[in-house]
**Q** 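Right, I'll just put the structure down here and ask away after.
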Amino acid sequence: MPSKKVNLLKNMLNKGATVIGTWSSLSSPNVINVIGSTDLDFVIIDMEHGSMTFETAENMVRAAEASKIAPIIRVWDDQNQTILRALETGVRSIMVPHISTREDAERIVKSCKYFPAGTRGLSPYTRIHDFTHVDIADSLQTENDHTMVGILVEGQKGLNNLSEIVKVKGLDFIYLGLFDICQSVGLPGQTSHPKVLEEISRCSDLIRSNGIVAGCMSTDVTSINMLKKKNYQFIAYLNDAAAVKAHFDYVIGAVRESI
């Protein structure tokens, strides 16, 4: 019989929890197992900037499930077929980049939902339906209810259109680039400037007032705490490659200073 697992990450966010995770650009299920051994809530499998194939991504999803950490796939474009292939890995949460208009966002939601809510293609013989057509109607409804749809609003155009994008029904979270926000107010890279902080608050308030979770990137503990205070529930810290580099740079730097 098809499994009726709920999307625990989506449930946590719906209950108002703040979740903290990271990105994975290293094409390895083993890395996901390591990340999953920590107390992070989620890991974003980055198919836009990583080198993983769909086969590798599916194994990374399996590794996340085995490690009890929520997997999310970030696809590299907003095409229906790309989104479909990502969802066929069995992942329950997806992020679609380069969204800059309300029409873009509406199309993404439809691509992620089965009929009658959307246009997602169907094969019952996939991981998400336990490889069977038995009870497929219930399984389709479960997926429509529990698939978490996230978009990345990027660039000046996207931020300018944010007040329209947030009106799209079916969006679960909107992820903003911290450095995009800086550039939008003419202060590139100045993440702690008062005008940047004001814009960070404005975006969060706008997103949350429409019943959508606000998400953003963080690069250190200070930025994590700042985003939490600004009511961002979905916070991504660095990525696996950056974390490995930062750790060894710190250790080797400290050792060499003592020599």
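Keep in mind the model is a prediction, meaning the values are calculated, not measured.
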**Q** Looking at I20, is its backbone amide N or carbonyl O close enough to the side chain of D41 to form a donor-acceptor pair, meaning the two atoms are under 3.5 Å apart?
**A** yes

**Q** Is there a path of hydrophobic side-chain contacts, each under 4.5 Å between heavy atoms of I, L, V, M, F, W or Y residues, that connects L26 with V34?
**A** no

**Q** Starting at CG of N80, measure out to OG1 of T119 and round the result to the nearest 0.5 Å.
**A** 5.0 Å

**Q** Is atom NZ of K110 surrounded by more than 12 heavy atoms (other residues, nucleotides or ligands) closer than 6.0 Å?
**A** no

**Q** If we only count heavy atoms from C-beta on, is the L171 to V109 side-chain gap below 4.5 Å?
**A** yes

**Q** Are the charged groups of K167 and E164 less than 4.0 angstrom apart, N to O?
**A** yes

**Q** Do I45 and V91 have side chains that approach each other closer than 4.5 Å (heavy atoms only, starting at C-beta)?
**A** no

**Q** Is there a donor-acceptor pair under 3.5 Å between the side chain of S184 and the backbone N or O of Q156?
**A** no

**Q** Any chance you could measure I207, atom CD1, to S163, atom OG, to the nearest 0.5 Å?
**A** 11.5 Å

**Q** Check whether D172 reaches the backbone of V149 with its side chain - one donor and one acceptor, N or O, closer than 3.5 Å.
**A** yes

**Q** Could you check whether S223 and D220, counting side-chain N and O atoms only, form a donor-acceptor pair closer than 3.5 Å?
**A** yes

**Q** Within the side chain of S218, is there an N or O that forms a donor-acceptor pair under 3.5 Å with the backbone of A236?
**A** yes

**Q** Should H129 and I136 count as side-chain neighbours, where that means a heavy-atom distance under 4.5 Å?
**A** yes

**Q** Does a donor on one side chain and an acceptor on the other come within less than 3.5 Å for T101 and N161?
**A** no

**Q** Measuring only between side-chain heavy atoms, which start at C-beta, is M95 closer than 4.5 Å to L152?
**A** yes

**Q** Can you name the nearest heavy-atom pair linking A214 to R208, along with the distance?
**A** CB-CG, 4.5 Å

**Q** Any link between I69 and I44 through a network of hydrophobic side chains (Ile, Leu, Val, Met, Phe, Trp, Tyr) touching at under 4.5 Å?
**A** no

**Q** List the steps, then state whether side-chain contact (heavy atoms from CB on, under 4.5 Å) holds for D240 with S25.
**A** CA-CA 7 Å; D240 48 10; S25 61; 3.5 Å; yes

**Q** As an exercise, state the distance from CG of D130 to OG of S139, rounded to the nearest 0.5 Å.
**A** 7.5 Å

**Q** Give the C-alpha distance, both sets of side-chain angles, the deciding distance and a yes or no for side chain to side chain donor-acceptor pair (under 3.5 Å) between T56 and T53.
**A** CA-CA 5 Å; T56 303; T53 64; 3.3 Å; yes

**Q** Return the CD1 to OG1 distance between I73 and T89, rounded to the nearest 0.5 Å.
**A** 3.5 Å

**Q** Evaluate the criterion side-chain contact (heavy atoms from CB on, under 4.5 Å) for residue pair R120 and E88; output intermediate values, then yes/no.
**A** CA-CA 11 Å; R120 177 176 170 180; E88 299 286 65; 4.3 Å; yes

**Q** Distance-only, no hydrogens or angles: does the E154 side chain make a donor-acceptor pair with backbone N or O of H98 under 3.5 Å?
**A** yes

**Q** Going hydrophobic residue to hydrophobic residue with side-chain gaps under 4.5 angstrom, can you get from I174 over to V196?
**A** yes

**Q** Any chance CZ of F54 has more than 12 other-residue heavy atoms, nucleotides or ligands included, within less than 6.0 Å?
**A** yes

**Q** Minimum heavy-atom separation for A86 to I94, with atom names?
**A** CB-CD1, 3.8 Å

**Q** Please test I151 against I165 for side-chain contact (heavy atoms from CB on, under 4.5 Å), starting from the C-alpha separation and ending with a verdict.
**A** CA-CA 10 Å; I151 59 171; I165 293 172; 3.7 Å; yes

**Q** Hey, could you give me the NE2/CG distance between H193 and L187, rounded to the nearest 0.5 Å?
**A** 5.0 Å

**Q** Are the side chains of F173 and Q233 in contact, using a 4.5 Å heavy-atom criterion?
**A** no

**Q** As a test of understanding, state which of K10, K113, R92 forms a salt bridge (charged side-chain N to carboxylate O under 4.0 Å, His left out) with E143.
**A** R92

**Q** Does N239 use its side chain to pair, donor to acceptor, with the backbone of A241 at less than 3.5 Å?
**A** yes

**Q** Just checking, any donor-acceptor pair under 3.5 angstrom between side chains of S204 and S201?
**A** no

**Q** Check whether any side-chain heavy atom of Y175 lies under 4.5 Å from a side-chain heavy atom of I72, and answer yes or no.
**A** no

**Q** A side-chain contact here means heavy atoms from C-beta on lying under 4.5 Å apart; do H49 and W23 qualify?
**A** no

**Q** Heavy atoms, side chains only, cut-off 4.5 Å: are T82 and M47 in contact?
**A** no

**Q** Just do the side-chain contact (heavy atoms from CB on, under 4.5 Å) check on R127 and V61 with the steps written out, would you?
**A** CA-CA 11 Å; R127 290 193 71 229; V61 170; 3.8 Å; yes

**Q** If every non-hydrogen atom of P29 is compared with every non-hydrogen atom of M60, which pair is closest and at what distance?
**A** N-CG, 3.8 Å

**Q** For E65 and R62, what are the C-alpha separation, side-chain angles and deciding distance, and is it a salt bridge (charged side-chain N to carboxylate O under 4.0 Å, His left out)?
**A** CA-CA 5 Å; E65 292 168 350; R62 288 192 179 100; over 6 Å; no

**Q** Among V43, L40, N33, T38, which residue satisfies the side chain to side chain contact (heavy atoms under 4.5 Å, CB included) criterion with S67?
**A** N33

**Q** For residues I83 and C112, report the shortest heavy-atom separation together with the two atoms involved.
**A** CG2-SG, 3.8 Å

**Q** Considering non-hydrogen atoms only, spot the tightest contact between L159 and D180 and give its length.
**A** CD1-O, 3.7 Å

**Q** If every non-hydrogen atom of N7 is compared with every non-hydrogen atom of S93, which pair is closest and at what distance?
**A** ND2-OG, 3.1 Å

**Q** Can you tell me if Y232 uses its side chain to pair, donor with acceptor, with the backbone of I200 under 3.5 Å?
**A** yes

**Q** Using a strict 4.0 Å threshold on nitrogen-to-oxygen distance, state whether E199 and R202 make a salt bridge.
**A** yes

**Q** Below 4.0 angstrom, N of the basic side chain to O of the carboxylate: do R107 and E103 qualify?
**A** no

**Q** Quick one: do I32 and Y237 end up in the same hydrophobic cluster if we chain Ile, Leu, Val, Met, Phe, Trp and Tyr together by side-chain heavy atoms under 4.5 Å apart?
**A** yes

**Q** Report whether I99 and I181 are members of the same hydrophobic cluster (ILVMFWY, side-chain heavy atoms less than 4.5 Å apart, transitive linking).
**A** yes

**Q** Once you round to the nearest 0.5 Å, how far does CG of L227 lie from CG of L197?
**A** 9.5 Å

